[in-house]
Structure formats: structure tokens, C-alpha cells
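Predicted, not measured: the structure shown is a model, and the values here were computed from it.
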Amino acid sequence: MIARVSTYANVDLDMADRLKAWMDGEGAATFDDLPGYRGSMTLVDRDNARVVGIGFYDSAGHAREAEAQLAEIYARGQEELPEDLRDSVHMRPESEGLYEVAHRDQR
């Protein structure tokens, strides 16, 4: 399994909270059609206004294919997201990387 890790700095935490609420509701299936997608998690460092997004994929090839499709998803987000969330599609990570998942506890 591969994890695609994206780190964002100087995040609008209010926007992050609104995105979480949307993803927990009507946005839940946003990434389901990405190739080899196996779920995701988002970590928020409120003290430093940083967010780490982690997407899990079957393989590095799937993660790279998904990266290309994510650009399309973000472009569609301009029209499909609620108006108060549309600025979030302009956020760009300060770093990204692919990591082999050596261990994942799924309790």
C-alpha cells in the first residue's frame, strides 16, 4: 500500500472545519472513483495552522494516476462545492510525497 502525503501551511482553520463538515456529509464520495483508492485521513495542527492530508492507494502507479485526476476534481470543485468552500481548491501543498506503508493499525 502507498500513502500520498500532502502538507499545507498557513491554512485557514475555519475553512478546514467547513471542509471537514462537507466531507463528512455530501462530499464523502469525492475521492471514491480514484484508481486504487483505499481511504484517507486528514491531520490538523491548530497551533501552527498546518494540515496534512494522507490518501491511501493500492500502488504508487495508482497514486500517480489519482494525482492527475485530482486536478480535474479540484477544477470541478469551483462549480460543485458550496460557495463558502470554493477558495479551498486554490490551496497548494508546501510538500508532497509518496510513501510505502510499512505498517497500518486498523483498530
Side-chain angles (χ1 to χ4, degrees):
M1 182 178 295
I2 295 293
R4 180 178 181 271
V5 180
S6 303
T7 303
Y8 299 84
N10 302 312
V11 173
D12 175 344
L13 296 175
D14 201 39
M15 173 76 70
D17 289 340
R18 291 193 311 269
L19 273 170
K20 179 195 178 308
W22 182 76
M23 289 296 293
D24 286 346
E26 66 183 76
T30 299
F31 304 119
D32 287 353
D33 292 333
L34 293 175
Y37 180 72
R38 295 291 169 244
S40 64
M41 80 172 45
T42 303
L43 310 174
V44 178
D45 175 354
R46 292 188 180 279
D47 292 335
N48 297 298
R50 295 174 61 84
V51 170
V52 177
I54 306 169
F56 297 101
Y57 299 89
D58 286 334
S59 69
H62 282 138
R64 288 185 191 98
E65 286 178 55
E67 189 170 339
Q69 291 183 21
L70 284 169
E72 295 173 22
I73 289 172
Y74 296 146
R76 283 196 322 263
Q78 288 290 357
E79 300 161 5
E80 295 176 5
L81 279 171
E83 190 171 337
D84 68 328
L85 297 177
R86 291 183 183 162
D87 284 343
S88 69
V89 300
H90 300 296
M91 292 178 11
R92 294 295 173 250
E94 72 174 5
S95 68
E96 292 180 294
L98 297 181
Y99 297 83
E100 177 184 346
V101 177
H103 172 77
R104 183 178 177 197
D105 188 350
Q106 297 186 19
R107 289 185 216 182

*Quick one: which residue pairs count as a salt bridge (charged side-chain N to carboxylate O under 4.0 Å, His left out) with a foot in residues 30-42, not counting sequence neighbours?*
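Residue pairs with at least one partner in residues 30-42: Arg38-Asp58.
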Sequence-distant partners of [X], side chain to side chain contact (heavy atoms under 4.5 Å, CB included), two or more places apart:
X: Glu94; result: Thr7, Ala9, Arg50
X: Asp47; result: Asp45
X: Leu34; result: Phe31, Tyr37, Tyr57, Ala66, Gln69, Leu70, Ile73
X: Glu96; result: Arg4, Ser6, Glu67, Pro93

Open item on the list: Test of understanding: with side chain to side chain donor-acceptor pair (under 3.5 Å), list the residues that count as partners of Asp24, not counting sequence neighbours.
Closed with: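 Side chain to side chain donor-acceptor pair (under 3.5 Å) list for Asp24, sorted by chain: Lys20.
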Holding to side chain to side chain donor-acceptor pair (under 3.5 Å), I want the full list of residues that pass it with Asp14, two or more places apart in sequence or in another chain.
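Partners of Asp14 under the side chain to side chain donor-acceptor pair (under 3.5 Å) test: Arg18.
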Results of salt bridge (Lys or Arg N to Asp or Glu O under 4.0 Å) for Asp12 - residues two or more places apart only: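 Here no residue qualifies.
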| query | Remaining members of Met1's ILVMFWY cluster at a side-chain heavy-atom cut-off under 4.5 Å? | reply |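 Cluster partners of Met1: Val5, Met41, Leu43, Val52, Ile54, Phe56, Tyr99, Val101.
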Which atoms form the tightest heavy-atom contact between Ala49 and Leu13, and what is the distance?
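Looking at all heavy atoms of both residues, the closest pair is CA-CD2, 4.1 Å.
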Would you check, one step at a time, whether the test side chain to side chain contact (heavy atoms under 4.5 Å, CB included) holds for Ile2 with Arg64?
CA-CA 10 Å; Ile2 295 293; Arg64 288 185 191 98; over 6 Å; no
